[in-house]
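Everything below concerns the one structure shown next.
Here the structure is a predicted model, which is why all the values come from computation and not from measurement. Positions are given from 1 along the sequence.
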Amino acid sequence: MSARRRPPKAGSAPRIEVAWAAGPPLLADAEVERIVRAALAHGGRPDVGLAVSFGGEELLAELHGRHLGDPTPTDVLAFDLGEEGRGPVGEIFVGVDQARAEAERRGVDVRRELSLYVIHGALHLCGYDDRDPASRRRMRAAERAVLLALGRATDRRSGGE
């Protein structure tokens with residue numbers, strides 16, 4: 001998987017790197033960057049750089065197993081890589097196959113589902129969690145707020161179940 005890299009502009013915000021390993025891109029790099037920046041701003045970490053990789057079910061299952069001990073497919077994984085340095089501060093892996101299946105199940109556009117997964121991963125890197133009911137409600141409210149900030153309508157299913 002190789003990211004299409006753009007050189008950073010002097011005085012610009014940290015770079016958002018985007019890579020697609022699961023077919024042709026379904027979201028433009030600029031749109032992914034806009035989504036990430038909105039989520040990071042909401043989460044209080046607007047000045048970090050991230051790498052966002054879109055992969056298939058096999059890749060996500062392999063990473064899920066290697067890093068979290070669960071070899072089943074998942075929709076999004078987020079890894080905090082530590083302090084700002086030469087590379088990204090975090091890495092988000094988004095499951096394209098899972099997004100397609102969930103979008104079909106919900107009757108929404110796959111790009112919207114992918115956007116939600118990117119938001120979810122970025123919010124995890126801002127300290128949001130969804131392991132218990134109270135944390136999950138807080139995460140869902142943040143997801144809805146970011147979708148609204150991006151000018152995307154939400155419905156009762158927005159932000160996951």
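- Counting heavy atoms from C-beta on, the side chains of F54 and V18 come closer than 4.5 Å.
- Between the side chain of D130 and the backbone N or O of R136 there is no donor-acceptor pair closer than 3.5 Å.
- Between P73 and D97 there is no side-chain heavy-atom pair separated by less than 4.5 Å.
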- Task: Walk me through it: do W20 and V96 pass the test side-chain contact (heavy atoms from CB on, under 4.5 Å)?
- Result: CA-CA 9 Å; W20 287 86; V96 176; 3.9 Å; yes
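- Across all non-hydrogen atoms, the minimal contact from G121 to A78 is O-CB, 3.5 Å.
- Rounded to the nearest 0.5 Å, atoms CZ (R144) and CG (L116) are 10.5 Å apart.
- With a 4.5 Å cut-off on side-chain heavy atoms, L150 and I35 count as touching.
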- Message: For Q98 and E102: C-alpha separation, side-chain torsions, deciding distance, then whether side-chain contact (heavy atoms from CB on, under 4.5 Å) applies.
- Response: CA-CA 6 Å; Q98 290 78 5; E102 187 64 16; over 6 Å; no
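- Results of the side chain to side chain contact (heavy atoms under 4.5 Å, CB included) test with I16 over I92, V48, V36 single out V36 as the only residue that passes.
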- So D129 and H124, side-chain contact (heavy atoms from CB on, under 4.5 Å) or not? Walk me through it. CA-CA 6 Å; D129 196 359; H124 271 306; 4.2 Å; yes
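- Taking each heavy atom of A99 and L114 in turn, the nearest pair found is CB-CD2, 3.5 Å.
- Side-chain contact between L77 and H64 is present, with at least one heavy-atom pair separated by less than 4.5 Å.
- Heavy atoms only, all atoms of each residue included: E91 and S53 are closest at OE2-OG, 4.5 Å.
- Put simply, the side chain of V89 does not reach to within 4.5 Å of the side chain of L81, judged on heavy atoms.
- Other residues, nucleotides and ligands contribute at most 12 non-hydrogen atoms within 6.0 Å of the CZ atom of R131.
- E104 has no carboxylate O lying under 4.0 Å from a charged side-chain N of R100, or vice versa, which leaves the two without a salt bridge.
- Using a 4.5 Å heavy-atom cutoff, the side chains of V146 and E143 are not in contact.
- Side-chain atoms of C126 and L40, non-hydrogen and from C-beta on, do get closer than 4.5 Å to each other.
- Looking only at side-chain heavy atoms (C-beta outward), E17 and L50 stay at 4.5 Å or farther from each other.
- One finds a salt bridge joining R45 and D80 here, because a Lys/Arg side-chain nitrogen approaches an Asp/Glu carboxylate oxygen to under 4.0 Å.
- Judged as a side chain to side chain contact (heavy atoms under 4.5 Å, CB included), and not counting sequence neighbours, the contacts of A142 are H42, L123, Y128.
- Using bins of under 30°, 30° to 60° and over 60° for the plane-to-plane angle, the ring pair F93/F79 lands in the perpendicular bin.
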